[in-house]
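Just below is one structure, and these are the notes that go with it.
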Amino acid sequence: MTVSTPLSTPHTVMTVQGSMPFDRLGITDAHNHMWIETVPGADPSSPVLNQFDSIYKELTEYREKGGASLLDCQPAGCGRDGNKLLSLSKASDVNLIACTGFHRKKYYSQDYWLWEADAQRICDYLCSELDNGLVETLNTSSPVKAGFIKIALESTWAECPHAALEGAGFAALESKSLIEIHTEKGALAEKACIYFTNLGLSPEQIVLCHMDKRPDISLQKELARYGVLLEYDTFYRPKYDPSENLWPLIEKMVSSGFSNQIALATDMAEAELYHFIGGGAGLASLPGEIQNQLIEKGIPEIDRSQMLGENITRRLAGIN
């Protein structure tokens, strides 16, 4: 493995506009998508989000409702544009945190280089995006550095790109960065924990995404005890019945003392979920309606603050 410099200075988070103290990031959506270009050769159902003016309005509304920061979970090769992220952040005054890594195979052209690369090459590439800047921004006057690693699991372990998993693990280990892991409805969560901690990562570096799609309270508590961060985001996805699954899960986890192991998000990759594009709940729902429901359910302020930003920003900054 090559030697990489740390992701950022102690207690700071790398945003698209530069390093920022973690405690200034405020309410933070732990998993979202701000910009997705069309990818030739990708699955026709792949989402597209490239309406700049509407996304700018969305971010402005998010800020006006009290939101301050968002993690953008679109890696290179599947529609990411770090230059657009920088422009949107400057225009809206919302802190955006870009990622390096990889998504599910279906979101790429079939000949995407990463699927044939070995672990060392992938590690070097990810570390370069963390240390030097996203590839599409390197030849600009303001290169944008990634602030974390985002990867994706497939439905079964055999289908996962193993060299890419290993390369991402090496990169997280070298850079001490956070690694967000897309799970398919919570599948392989236990396997991923064992795999990455065996590579040398601490559980505190791991975020398991979409875990509310598998609302097994015993599993959730066990993962929380292990030390990983659990990301929940199905608030506006009716097929997962959030009133019967997500909200009771949140209440049970908080009452069991695990609010420090949860990060809330809205994961609005689909245009129809955006307020100013598809008439959906929009990004502002996290600091708005979702926060209000947490208050109405009697969840204490300290627990709300942890789930609405403190947990994810502390871990981005490397604070356990």
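What's counted below: heavy atoms across the whole structure, side chains too, no hydrogens, waters or symmetry copies. For this chain, numbers begin at 1 and follow the sequence in order.
A heavy-atom distance below 4.5 Å is not found between the side chains of Leu246 and Asp241. Within the 4.5 Å cutoff, the side chain of Ile122 has heavy atoms near those of the Leu114 side chain. Val207 is not listed as a side-chain neighbour of Val228, based on a closest heavy-atom distance of 4.5 Å or more. With a 4.5 Å cut-off on side-chain heavy atoms, His31 and Leu71 do not count as touching. Under the 4.5 Å side-chain criterion, counting only non-hydrogen atoms from C-beta, Leu165 is in contact with Phe196. The shortest side-chain heavy-atom distance between Pro161 and Lys105 falls under the 4.5 Å cut-off. The side-chain heavy atoms of Leu229 and Asn311, taken from C-beta on, include a pair separated by under 4.5 Å. Residues Asn95 and Gln17 have side chains not in contact (no heavy-atom distance under 4.5 Å, counting atoms from C-beta outward).
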Give the intermediate values and the outcome of side-chain contact (heavy atoms from CB on, under 4.5 Å) for residues Leu264 and Asp29. CA-CA 6 Å; Leu264 302 182; Asp29 191 311; over 6 Å; no
Before giving the answer on side-chain contact (heavy atoms from CB on, under 4.5 Å), spell out for Ser87 and Phe52 the whole-Å C-alpha distance, their side-chain angles and the decisive distance to 0.1 Å. CA-CA 9 Å; Ser87 295; Phe52 188 94; 3.9 Å; yes
Evaluate the criterion side-chain contact (heavy atoms from CB on, under 4.5 Å) for residue pair Lys297 and Val254; output intermediate values, then yes/no. CA-CA 11 Å; Lys297 291 179 180 296; Val254 170; over 6 Å; no
For the pair Thr266 and Asp233, evaluate side-chain hydrogen bond (donor to acceptor under 3.5 Å, both in side chains) and give the outcome as yes or no after the intermediate values. CA-CA 5 Å; Thr266 54; Asp233 57 36; over 6 Å; no
I would like to know whether Ser305 and Asp303 meet side-chain hydrogen bond (donor to acceptor under 3.5 Å, both in side chains); could you show each step before the answer? CA-CA 5 Å; Ser305 296; Asp303 301 302; over 6 Å; no
Step-by-step side-chain contact (heavy atoms from CB on, under 4.5 Å) determination, Leu201 to Ile179: CA-CA 10 Å; Leu201 274 68; Ile179 184 166; 3.7 Å; yes
Does the pair His182 and His210 meet the rule for a side-chain hydrogen bond (donor to acceptor under 3.5 Å, both in side chains), with working shown? CA-CA 7 Å; His182 164 97; His210 321 308; 3.1 Å; yes
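The hydrophobic clustering, which links ILVMFWY residues whose side-chain heavy atoms are closer than 4.5 Å, places Leu283 and Phe276 apart. A single hydrophobic cluster is seen to contain both Ile217 and Leu230, as judged by linkage of ILVMFWY side chains at heavy-atom distances under 4.5 Å, directly or through other members. Placement of Ile295 and Ile290 in two distinct hydrophobic clusters is found when ILVMFWY residues are connected by side-chain heavy-atom separations under 4.5 Å, directly or transitively. Connection of Leu294 to Phe235 is established within a shared hydrophobic cluster, with ILVMFWY side chains joined at heavy-atom distances below 4.5 Å, either directly or through further cluster members. Connection of Leu219 to Trp247 is established within a shared hydrophobic cluster, with ILVMFWY side chains joined at heavy-atom distances below 4.5 Å, either directly or through further cluster members.
Checked against side-chain hydrogen bond (donor to acceptor under 3.5 Å, both in side chains), Arg80 has the following partners two or more places apart in sequence or in another chain: Glu129, Glu136. For Pro143, the side-chain contact (heavy atoms from CB on, under 4.5 Å) partners are Thr137, Thr140, not counting sequence neighbours. For Glu159, the side-chain contact (heavy atoms from CB on, under 4.5 Å) partners at least two apart in sequence or on another chain are Glu154, Ser155, Thr156. Remark: His275 pairs with Glu58, Glu61 by the side-chain contact (heavy atoms from CB on, under 4.5 Å) rule, at least two apart or across chains. Applying the ring-ring contact (aromatic ring centres under 6.0 Å, His included) test to Tyr240 and every residue at least two apart in sequence or in another chain returns nothing. Residues satisfying the ring-ring contact (aromatic ring centres under 6.0 Å, His included) test with Tyr125, not counting sequence neighbours, are Trp113. Looking at residues two or more places apart in sequence or on another chain, you find a side-chain contact (heavy atoms from CB on, under 4.5 Å) between Val39 and Ala42.
Applying the side-chain hydrogen bond (donor to acceptor under 3.5 Å, both in side chains) test to every pair with at least one member in residues 220-230, sequence neighbours left out, gives these pairs: Thr197-Tyr226, Gln220-Tyr232, Lys221-Ser256, Glu222-Arg225. For residues 256-285, the pairs satisfying salt bridge (charged side-chain N to carboxylate O under 4.0 Å, His left out) are Arg237-Asp267, Arg237-Glu270, with sequence neighbours left out. Listed by first and then second residue, the salt bridge (charged side-chain N to carboxylate O under 4.0 Å, His left out) pairs that reach into residues 35-51 come to none, sequence neighbours excluded. Sorted by first and then second residue, the pairs that involve residues 183-198 and meet salt bridge (charged side-chain N to carboxylate O under 4.0 Å, His left out), not counting sequence neighbours, are Arg104-Glu184, Glu190-Arg214.
The two residues Ala171 and Cys123 have their closest heavy-atom pair at N-SG, 3.7 Å. Annotation for Gly77 and Tyr108: closest pair O-CD2, 3.3 Å, computed over non-hydrogen atoms. Across all their heavy atoms, Ala192 and Ile181 have their closest contact at CB-CD1, 4.3 Å. The heavy-atom pair separating Gly66 from Pro287 by the smallest distance is C-CB, 3.9 Å. Leu153 approaches Ala187 most closely through the heavy-atom pair CD1-O, 4.2 Å. Scanning both residues, Met268 and Asn32, for their nearest heavy atoms gives N-OD1, 2.8 Å.
Ser19 places no side-chain N or O within donor-acceptor distance of the main-chain N or O of Thr15, the cut-off being under 3.5 Å. Between the side chain of Glu180 and the backbone N or O of Leu208, no donor-acceptor pair lies under 3.5 Å. A donor-acceptor distance shorter than 3.5 angstrom exists from the side chain of Tyr62 to the backbone of Ser69, with no hydrogens or angles considered. A donor-acceptor pair under 3.5 Å is formed between the side chain of Ser89 and the backbone N or O of Val94. Within the 3.5 Å criterion, the main-chain N or O of Ala172 finds a donor-acceptor partner in the side chain of Gln205.
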Show me, pair by pair, the donor-acceptor contacts under 3.5 angstrom made by side chains of residues 312-320, not counting sequence neighbours?
residue : atom : partner : partner atom : Å
Thr313  : OG1  : Gly309  : O            : 2.8
Thr313  : OG1  : Glu310  : O            : 3.3
Arg315  : NH1  : Glu204  : O            : 3.4
Arg315  : NH1  : Gly227  : O            : 2.8
Arg315  : NH2  : Gly227  : O            : 3.1

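In this structure, the separation between CG on Asn50 and CH2 on Trp35 is 5.5 Å, given to the nearest 0.5 Å. Put simply, CZ on Arg121 and CG on Leu126 are 11.5 Å apart, with the number rounded to the nearest 0.5 Å. Between the CG atom in Leu85 and the CD atom in Gln74 there is a gap of 9.5 Å [rounded to 0.5 Å].
More than 12 heavy atoms of other residues, nucleotides or ligands lie within 6.0 Å of CG in Asn198, so this atom counts as buried by the packing criterion.
Between the side chains of His33 and Asp72, not a single donor N or O lies within less than 3.5 Å of an accepting N or O.
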